[in-house]
Undergrad: 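Starting off with a structure, shown below.
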Number of protein chains: 2
Amino acid sequence: MPGDEKTQEAGGMTDNLEKKLEELCKEKGMRVTEQRRIILKILSDSPDHPNAEELHRRVVRLAPSISIATVYRTMNTLESYGLIERHIFADGRARYEAGGSEHHDHLVNVETDEIIEFRCDEIEELQKKIADEHGFDIVGHRFEIYVRAKKRR
Amino acid sequence: MPGDEKTQEAGGMTDNLEKKLEELCKEKGMRVTEQRRIILKILSDSPDHPNAEELHRRVVRLAPSISIATVYRTMNTLESYGLIERHIFADGRARYEAGGSEHHDHLVNVETDEIIEFRCDEIEELQKKIADEHGFDIVGHRFEIYVRAKKRR
DNA sequence: ATCACTATTGCGACTCACTCTCAATTATTG
DNA sequence: CAATAATTGAGAGTGAGTCGCAATAGTGAT
Ligand SMILES: [Mn+2]
Ligand SMILES: [Mn+2]
Ligand SMILES: [Zn+2]
Ligand SMILES: [Zn+2]
């Protein structure tokens with residue numbers, strides 16, 4: 001069942017990403033290290049959007065010697081090549097998610113800190129229109145909606 | 001010509017804001033200090049979105065003894081009471097703008113660092129719809145479009 | 001399997017926006 | 001003007017993230 005890349009079920013797109021990691025490394029003369037493999041695997045198995053500290057906590061359970069500096073470095077290089085995405089929500093810390101899933105934006109539940117993904121084609125279209133009307137090409141965008149559970153009435 | 005609050009022309013909404021500052025201070029038992037008055041005035045005369053350092057630079061031209069710590073503190077208190085707004089764009093530093101203008105979001109020209117304001121009612125509506133469909137009330141949102149000058153063709 | 005080469009790692013020192021502490025100053029009320 | 005307490009300037013402190021460096025370990029060739 002290829003093409004079925006709905007949500008991140010355990011190990012779903014992991015092999016896919018691991019392959020991409022190998023391609024990328026070969027192409028750029030980078031090395032496929034254990035730490036890169038493990039960090040990327042754990043991130044792609046994470047359904048949430050962990051920050052570096054939390055990601056490191058998860059990584060260390062599997063490979064105790066990996067340092068947090070390596071987590072930061074790995075996120076930086078992999079982001080620069082589009083293998084992962086970095087988000088900075090209201091708390092100001094970087095959070096990461098494995099790339100590969102289709103574009104989406106986020107709802108942030110300010111009470112629980114939970115992050116919900118959504119996609120809205122109309123909004124994506126309107127953005128293009130707005131940028132275009134101002135004479136610009138879009139390079140990227142950031143869109144987060146901060147929410148709380150609806151008040152029952 | 002009241003009600004005409006299109007752009008921030010020099011001193012336009014300043015008196016308005018200064019009045020609000022005085023009300024706020026009285027109401028909360030805070031003091032109307034020279035530093036607060038000056039910092040708020042200079043911010044409301046700023047058509048751009050300065051960060052603390054830049055704002056401090058402008059403030060110091062008029063009142064050399066005001067410290068940057070006071071700029072930070074003033075931004076924090078005034079933001080908590082809704083007199084100003086804080087934004088954090090891609091560079092990660094806080095930038096400020098005087099409140100009072102109607103809600104808008106921002107285009108950020110990644111080449112010039114210039115910030116352009118825009119308003120899109122459709123997008124604001126769609127947000128409500130999205131939050132609603134997920135069972136949430138909106139607390140706030142952040143929306144920035146990063147752009148560059150359109151490639152001529 | 002071994003080697004030479006050099007990218008990567010772990011560690012701890014460092015950076016930089018921003019916050020905090022505290023003694024001195026000043027707005028406010030009467 | 002005096003009493004009171006909020007605010008300030010200066011500088012120390014905080015914390016997420018980065019950097020320099022010696023040790024380690026992928027990689028491609030032998
Ligand atoms: Mn996501
Ligand atoms: Mn603005
Ligand atoms: Zn989007
Ligand atoms: Zn908006």
Side-chain angles (χ1 to χ4, degrees), chain A residues 18-19 21-40 42-43 49-57 59-60 62-81 83-96 113, chain B residues 18 21-40 42-43 49-57 59-81 83-96 113:
Chain A
E18 172 139 13
K19 216 163 267 161
L21 176 63
E22 276 161 17
E23 284 171 28
L24 176 70
C25 287
K26 190 145 297 179
E27 180 187 327
K28 301 288 178 186
M30 294 165 45
R31 291 173 182 176
V32 186
T33 62
E34 262 315 274
Q35 351 334 40
R36 280 177 182 159
R37 223 198 300 272
I38 289 175
I39 291 170
L40 183 58
I42 290 192
L43 181 61
H49 299 70
N51 60 29
E53 195 186 347
E54 173 59 26
L55 179 55
H56 180 241
R57 211 173 289 134
V59 161
V60 155
L62 213 116
S65 69
I66 294 180
S67 79
I68 194 163
T70 297
V71 171
Y72 278 113
R73 277 187 295 233
T74 302
M75 292 298 97
N76 287 346
T77 49
L78 295 191
E79 191 210 9
S80 78
Y81 293 121
L83 271 200
I84 62 132
E85 279 176 45
R86 168 200 318 260
H87 306 290
I88 301 186
F89 300 136
D91 74 352
R93 303 185 61 174
R95 291 161 167 265
Y96 307 93
D113 234 23
Chain B
E18 171 139 14
L21 176 63
E22 276 160 17
E23 285 171 28
L24 175 70
C25 286
K26 191 145 295 178
E27 180 186 328
K28 301 288 179 187
M30 293 165 46
R31 290 174 182 174
V32 185
T33 63
E34 264 315 274
Q35 348 339 39
R36 279 176 182 160
R37 224 196 300 271
I38 290 176
I39 290 169
L40 183 59
I42 290 193
L43 181 61
H49 299 70
N51 61 29
E53 195 186 347
E54 173 59 27
L55 179 55
H56 180 241
R57 211 174 288 136
V59 161
V60 155
R61 289 204 285 261
L62 213 118
S65 69
I66 294 180
S67 78
I68 194 163
T70 297
V71 172
Y72 278 113
R73 277 187 295 234
T74 303
M75 293 298 97
N76 288 346
T77 49
L78 296 190
E79 191 211 7
S80 77
Y81 293 121
L83 270 199
I84 63 132
E85 278 177 46
R86 169 199 319 261
H87 305 290
I88 301 186
F89 300 136
D91 74 351
R93 305 184 60 172
R95 291 162 166 266
Y96 307 93
D113 234 23

Undergrad: Can you name the nearest heavy-atom pair linking B:Arg36 to B:Arg31, along with the distance?
TA: NH1-O, 2.8 Å

Undergrad: Please report the distance, rounded to the nearest Å, between NE2 in A:His87 and C1' in D:dG17.
TA: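 Between C1' of D:dG17 and NE2 of A:His87: 18 Å.
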
Undergrad: Identify, with sequence neighbours excluded, every residue that meets salt bridge (charged side-chain N to carboxylate O under 4.0 Å, His left out) alongside B:Arg57.
TA: B:Glu53, B:Glu54

Undergrad: Return the value, rounded to whole Å, for the distance between atom CD of A:Glu79 and atom P of D:dT18.
TA: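 After rounding, the gap between these two atoms is 10 Å.
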
Undergrad: When rounded to the nearest 0.5 angstrom, what is the spacing between OH in B:Tyr81 and CG in B:Asn76?
TA: 12.0 Å

Undergrad: Report the residues that fulfil side-chain contact (heavy atoms from CB on, under 4.5 Å) with B:Lys26, sequence neighbours left out, ordered by chain and then residue number.
TA: none

Undergrad: Calculate the interatomic distance between A:Lys28 atom NZ and C:dT8 atom P; express it in whole Å.
TA: 13 Å

Undergrad: How close do B:Glu79 and B:Ile84 get, heavy atom to heavy atom, and via which atoms?
TA: N-CG1, 3.6 Å

Undergrad: Flag the pair A:Asp113 and A:Arg93 as a salt bridge only when some basic side-chain nitrogen lies within less than 4.0 angstrom of an acidic carboxylate oxygen.
TA: no

Undergrad: Who are the salt bridge (charged side-chain N to carboxylate O under 4.0 Å, His left out) partners of A:Arg37, not counting sequence neighbours?
TA: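 A:Arg37 satisfies salt bridge (charged side-chain N to carboxylate O under 4.0 Å, His left out) with A:Glu18, A:Glu22, A:Glu34 once adjacent residues are dropped.
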
Undergrad: For A:Met30 and for B:Arg31, find the nucleotide of DNA chain C with the closest heavy atom, then tell me which residue's nucleotide is more 5'.
TA: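 The residue mapped nearer the 5' terminus is A:Met30.
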
Undergrad: Take nucleotides 9-22 of chain C nucleotide by nucleotide from the 5' end and write B, S or -, depending on whether a protein heavy atom sits under 4.0 Å from the base, only from the sugar-phosphate, or from neither.
TA: BBB-----SSBBB-

Undergrad: Name all residues meeting the ring pair (Phe, Tyr, Trp, His ring centres under 6.0 Å) criterion together with B:Tyr72; count only those two or more places apart in sequence or in a different chain, and write none if there are none.
TA: none

Undergrad: With no hydrogens and no angle check, do the side chains of B:Ser67 and B:Thr70 hold a donor and an acceptor under 3.5 Å apart?
TA: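 Yes, a side-chain donor-acceptor pair sits under 3.5 Å.
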
Undergrad: Taking CG from B:Asp91 and P from D:dG17, how many angstroms apart are they, rounded to a whole number?
TA: 15 Å

Undergrad: Nearest whole angstrom, please: distance from the C1' of C:dT28 to the CZ of B:Arg37.
TA: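 The distance from CZ of B:Arg37 to C1' of C:dT28 comes to 13 Å, rounded to the nearest Å.
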
Undergrad: For A:Glu27 and C:dA7, what is the distance between atoms CD and P respectively, to the nearest whole Å?
TA: 17 Å

Undergrad: Please report the distance, rounded to the nearest Å, between CE in B:Met75 and P in D:dT8.
TA: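 Rounding to the nearest Å, CE of B:Met75 and P of D:dT8 are 11 Å apart.
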
Undergrad: Please report how far the helix from C:dA1-D:dT30 to C:dG30-D:dC1 bends, comparing the axis fitted to its first five pairs with the axis fitted to its last five, to the nearest 10 degrees.
TA: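 Both end axes considered, the difference amounts to 40°.
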
